[in-house]
Amino acid sequence: MEQASDKTQDFQNRPKNRGEDRAPERAQDRDVSKDKGKSRLEAIRRKVAFETVASRDRVVTRLLERGAVNENHLLSAWEEWNRLHIQHIRVPFWRLLTIDETLDAQEIYSVAASVYAFKAADIDKMDVLDFINEHREKFTDDTWEEMVEAHVLPVSIDIDSRSGENIWIFATHDPTRPEVHGLIQALHLKRFELRYAPLDLLGSIISDTFITVNRYLEKLEEAPPVFDMGMDFVEDEDRVDDDALEAEINRSRLINLFEASLIEAVNRGASDIHIFPNDKGEIELHMRIDGELETWHIEDGIRPESFLSVVKDNSMNVDRFERDSAQDGYIQRWIDEVLIRFRVSVLPIASARQEIHAESVVIRVLDDRKVITDLGKIGLLEHALKRFDHAIRQPHGMVILTGPTGSGKSTTLVAALSQVVTSKVNVLTIEDPVEYLIKGVRQIKLGPRLGLEGALRAILRHDPDIVMVGEMRDRETAELAIKLANTGHLTFSTLHTNDAPSAVSRLFKMGVEPFLISYAINLVVAQRLVRKLCDSCKVADVDVENEVLRHLGFTDSEIGSTTIYKVGDDDRCSACKGSGYKGRRAVAETLTFTPAIRSIIMESSEMVEEGKLREKAIEEGMLTLSDCVRRIVAGGETSIDEMLRVTGSAI
């Protein structure tokens, strides 16, 4: 019996056969197979539906023939089209391609206009501006507002050769829109024709004609002039008569002048507003546009302290009655339906008139619409852009931007960070102050109770993947930032040096060990901003001497085949407002840390040989700042004068 019992137990404990063992697995496999089959079937159905919609759209067909779009673009647009279709929202399939940032929206609109037989409008911007001003009274302000919102404008009047009737010609970037036809029909014109025009051209006309109206400037022109109201300056008086000052501050002209300056700075694309009293006791207002200071307004007949107090009263965290110490504050204003931030810095300054409590105010304009998130739009030459892009794609190491104040380092850093920010990485920045808010980034604001060194030490406990340190100011912060790069973090930072090799020398002089410098850094970028000549009014520079060009590094073959351009003399140019320049682009020399460069740094004992670093870097393909600007001059984008301003006369 014991034997039987043992056999029974053995039978119960024996492993099940292979079929019994894998039955649940087979069932699970069948479920997975069914899911895969359903997924494949769904994918096929979606592809068929997508191809059906795309093939029926004549604009899409034409774009495919031109090679302007590919299947990936169409699939992405179809996903959005299908979502809207389910919600019973009818939108032409081709129009959804215009929201794809990788495509040229203007080309798509142009093709659509051609497919639907809309003529292209022959537009001269100055003629259209004159035409609109001449016929401004033809339509009401509400009608003009509707047209501006729809980006459709009257641009000319044609005469019918047979009937002699007037035909109003309207231009828009998308003449296929039914609402545009409805808008024009509501004007009750006897005859009209709708034509195509590029969106950027229409936007430029709208900006020059309608958007730049500054209601505070209008009030300023209507207001009576400000006089001193009999208040005397007393040289031996240590304090200002605050009651008299209060009365002067409350007058509307000063407030209108201040508000007008903020709006005008935004409209003109200024980066800073400078306000200070001159030696005559007048208040001067200057604006920095494309890197150059321009005088905007000089206000006389008032106490300088009165206008300075208006500025301080309208700034948060600034005390009007504090006149002997530096202060920092900020202002916020809604301008053109956009919240614009202004950073205010106040400093006491000396004055030729001892009775004046003189202060200098600089207001930085922080317009988030001007933030560049595409590194390719900074303006770097292709050679520098490739090196930069390669360096920021590394899993660790440091990228340093160097250059003087106002050379665009912060803008380039924001663009670089925007290339690497994803939901899968933790990006932290340490800034003083935080200027532009970057989506997907945690930006740490420094203050009296949190310094740069303390923030750097604490940041490690926040599990960062990518770190940006606003500026390496001393040995402690430099070593901490470099150690972050050496411990598996991609790190960005800035230094104030003139070129790329001197950034290495600067770190060495701070006391950072050569081995930390050589193995932590991926790339040093020395950057400048170069003003671009206005395309509308630039002229060929026939007076430049060949000897000057040779001194600047141009070869004889380049001199013979290159047209050099300079600033035109059209003071009425609407594109550049007579300045001769319109916009800026970045130029940079990029020092890549190759094995040879690292070796030179490691061999340094008492100092880094900048000349040796530069020679090796050029040998390995680095373009200097002068090389970069010379190429831009040869391309007709800037002038010899601008090259000399940015890089000096050195080759």
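What you are looking at is a predicted structure, and each value in this text was computed from that prediction instead of being measured.
- Within a 6.0 Å sphere centred on NZ of K138, other residues, nucleotides and ligands contribute 12 heavy atoms or fewer.
- When R584, K538, K582, R585 are each tested for a side-chain contact (heavy atoms from CB on, under 4.5 Å) with K532, only one passes: R585.
- W94 has its ring centre no less than 6.0 Å from the ring centre of Y116.
- A salt bridge does not link K190 with D160: every distance from a Lys NZ or Arg NE/NH1/NH2 to an Asp or Glu carboxylate oxygen is 4.0 Å or more.
- Y196 and S114 form no side-chain donor-acceptor contact under 3.5 Å, judged by distance and modelled atom types alone.
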Q | Candidate pair V365 and F342, rule side chain to side chain contact (heavy atoms under 4.5 Å, CB included), full reasoning | A | CA-CA 5 Å; V365 183; F342 302 86; 4.0 Å; yes

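- Using cut-offs of 30° and 60° for the angle between ring planes, the H181 and F118 rings count as tilted.
- Residues W168 and I157 form a side-chain contact, since some pair of their non-hydrogen atoms from C-beta on lies under 4.5 Å apart.
- Taking 4.5 Å as the limit, some side-chain heavy atom of L366 sits within range of a side-chain heavy atom of Y436.
- Taken to the nearest 0.5 Å, the CE atom of M126 stands 9.5 Å off from the OG atom of S536.
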Q: Report the C-alpha distance between L401 and Q527 in whole Å, list the side-chain angles of each, state the deciding distance to 0.1 Å, and finish with yes or no for side chain to side chain contact (heavy atoms under 4.5 Å, CB included).
A: CA-CA 7 Å; L401 266 79; Q527 180 171 299; 4.2 Å; yes

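- E137 CD: 12 or fewer foreign heavy atoms inside a 6.0 Å radius.
- A donor and an acceptor atom, one from each side chain of R177 and T172, are located under 3.5 Å apart.
- Heavy atoms only, all atoms of each residue included: V587 and C628 are closest at CB-CB, 4.0 Å.
- Dense packing is recorded around CD of E294, with more than 12 heavy atoms of other residues, nucleotides or ligands lying under 6.0 Å away.
- Between F388 and V399, some side-chain heavy-atom pair lies under the 4.5 Å cut-off.
- Within 6.0 Å of CD on E165 lie more than 12 heavy atoms contributed by other residues, nucleotides or ligands.
- At least one donor-acceptor pair closer than 3.5 Å links the side chain of Q106 to the backbone N or O of D200.
- Residue-environment remark: NE2 (H135) exceeds the threshold of 12 foreign heavy atoms within 6.0 Å.
- Counting only distance, with no hydrogens or angles, the side chain of D465 and the backbone of N426 share a donor-acceptor pair below 3.5 Å.
- A salt bridge is defined here as a Lys NZ or Arg NE, NH1 or NH2 lying under 4.0 Å from an Asp or Glu carboxylate O, and R195 with D122 fails to meet this definition.
- Using cut-offs of 30° and 60° for the angle between ring planes, the H173 and H151 rings count as perpendicular.
- Using a 4.0 Å cut-off between a side-chain N of Lys or Arg and a carboxylate O of Asp or Glu, D389 and K386 do not qualify as a salt bridge.
- Residue D374 places its CG atom among more than 12 non-hydrogen atoms of other residues, nucleotides or ligands, all under 6.0 Å distant.
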Q.
As a quick check of understanding, evaluate side chain to side chain contact (heavy atoms under 4.5 Å, CB included) for I169 and F192, giving each step before the final call.
A. CA-CA 6 Å; I169 306 301; F192 71 85; over 6 Å; no

Q: Test side chain to side chain contact (heavy atoms under 4.5 Å, CB included) on M622 and L591 and set out the steps.
A: CA-CA 7 Å; M622 182 184 82; L591 174 60; 4.2 Å; yes

